[in-house]
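Here is the structure we will look at, set down as structure tokens.
Proteins get letters first, then strands, A, B, ... in listed order; numbering begins at 1 in each.
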Amino acid sequence: MTHRIVILGGGTGGTLTANRLRRRYSTDEAEIVVVDQDDRHIYQPGLLFVPFGLTHAEDIVRPRGRQLHDGITYHQSAIDAVDTATNQVTLVDGTVLSYDVLVVATGTTLVPDETEGLTGDGWMEKVFTFYDLEGASALEGALAAFDGGRLVVNVIDMPIKCPVAPLEFCFLADWYFTERKIRDRVQITYVTPLDNAFTKPVAAQQLAGMLAEKHIELVTEFNTGEVDGTDGKIVSYDGREVPFDLAVVIPAHGGADFVGRSEGLGDELNFVPTDKRTLQSHAAPNVFVIGDAADVPTSKAGSVTHFEGDVLVENIVHFLAGEELEPVFDGHANCFIETGFHKALLIDFNYDTEPLTGHFPTKVGLPLLKETRLNHLGKLMFQWFYWHTLLPGRDIPGIGSHMPTSGKTPVSAP
Amino acid sequence: MTTTTLTTASGVTNVELTDDGFFVDPSVWTEEMVPELAAREGIATLTDGHWQVVRFMRSEYLTKGTGPSVRALGKTSGVSVKDLYALFPKGPAKIAARVAGIPKPKGCI
């Protein structure tokens, strides 16, 4: 009998899962369908560089269907809802797809409307986001026209995709205005709901130190209740105000809308409750989840999705064979943090180990938690690996899905 | 970790709190402790709204193993985020978690 596998989402997770499964099963053994609402696959790490003119929209977008191997059906439509009781997905174009295994890979959705005033007066004029392509492109013009004043970078609420990206934006802004020789006329402020620059203690301390060195003001425990584009200020629920001339806001994130319309599939934020070790959903045994769509307690990041792919595909194969799943995903995340002036630092962590110093993946690898030119080159090179290795579902030589420990220096948290 | 003495209607109890004021062992918490725990957070008068949030935090923790974030609380507790801040001005998720005797809500990563 031919297995019918439906994958919702043709981004990082959906594409690499489809391609890996296609290699595991012949077309007689499994039919694989990928569904997405549009045909624009965006290299999301590139969004950070667009506002600074370091890359351009056309350089980071490719058609979704073309990233899929032969023998995978690409179906373009928005998703209406999933019915886990009848194993069916209804699409907005009226198609009904039945599945033996469903993979939810629909990532996150920005929900700027959840914040009072964010999309009101001043939106896309003095209030921007770089978390989507339209915002990142519009911000390029606004930054170029900015000749001094208060730049505020504000994270509305966690979780967000790539939690280091807002910090990277601050570091790059510091570099950008230095290059333009107007850094002394620009006040940069980073405003976060967290109690430090980042969530993990060792990295947070290092990143807070770097903000201070670069004269970027840090405002913590700020829960934004309102963005006032008319008067140019963000206001917290406890009544504090931060004035701005240009605001770069990272809106709150949720799961995909169809998750909310699918009985029993998601939580209150439309993320899908998922076993953090097997990647099987709690909603039904034949529903699996990869990437940002899952509620697993690790970063929402492409590297996590990449490392999950290996475990996910093995567990789908086990499931279809009637075997027990392997609880082996360790929450591995790996992020280059661009720090400006052609340098970057690298962090590597999982569910149990926070980012440490040392080297990755072994003692002779890239330096961890340290600003170097080599890490910056690593970050730039990664785009090639993304299209040519990661999406096709190949392993990157020397980098397995589990977090390596041999090059790491243990430290006690402060 | 510190040992804190709480005075409740039925007497005096010692509880262990973490350095940032959360219960080390949530199972020793009782509703009787709520008025004093709230007073320590600067809440002099406990309203029905406070009780609604505290009981909701407690039941979320018992079913899910962690307290909800403010945004999740605003969507599920029946109290809007604005009203949550009116009740717990210094941060609803954190303060209500201390009063409800549950661990610090896991920040997202």
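Proximity to chain B is limited to the side chain of A:V111, based on heavy atoms less than 4.5 angstrom apart. For a residue to count as touching a neighbouring chain, one of its non-hydrogen atoms must lie under 4.5 Å from one of that chain's; by this rule A:D267 does not touch chain B. With a threshold of 4.5 angstrom between heavy atoms, A:D157 approaches chain B through side-chain atoms but not through N, CA, C or O. Contact annotation for B:K75: only side-chain heavy atoms (C-beta onward) come within less than 4.5 Å of a heavy atom of chain A. Neither the backbone nor the side chain of B:K90 has a heavy atom closer than 4.5 Å to any heavy atom of chain A.
Taking CG of A:L279 as the start and CZ of A:F329 as the end, the distance is 6.5 Å to the nearest 0.5 Å. Rounding to the nearest 0.5 Å gives a distance of 13.5 Å between CD1 of B:I95 and CZ of B:R40.
Cation-pi geometry between B:K82 and A:Y237 is not met at under 6.0 angstrom from the ring centre and within 45 degrees of the axis.
Relative ring orientation between B:H50 and B:F88 is described as perpendicular, the plane-to-plane angle rising above 60° on a 0-90° scale split at 30° and 60°. Ring-plane geometry between A:H332 and A:F360 is classed as tilted, the angle between the planes lying from 30 to 60 degrees on a 0 to 90 degree scale.
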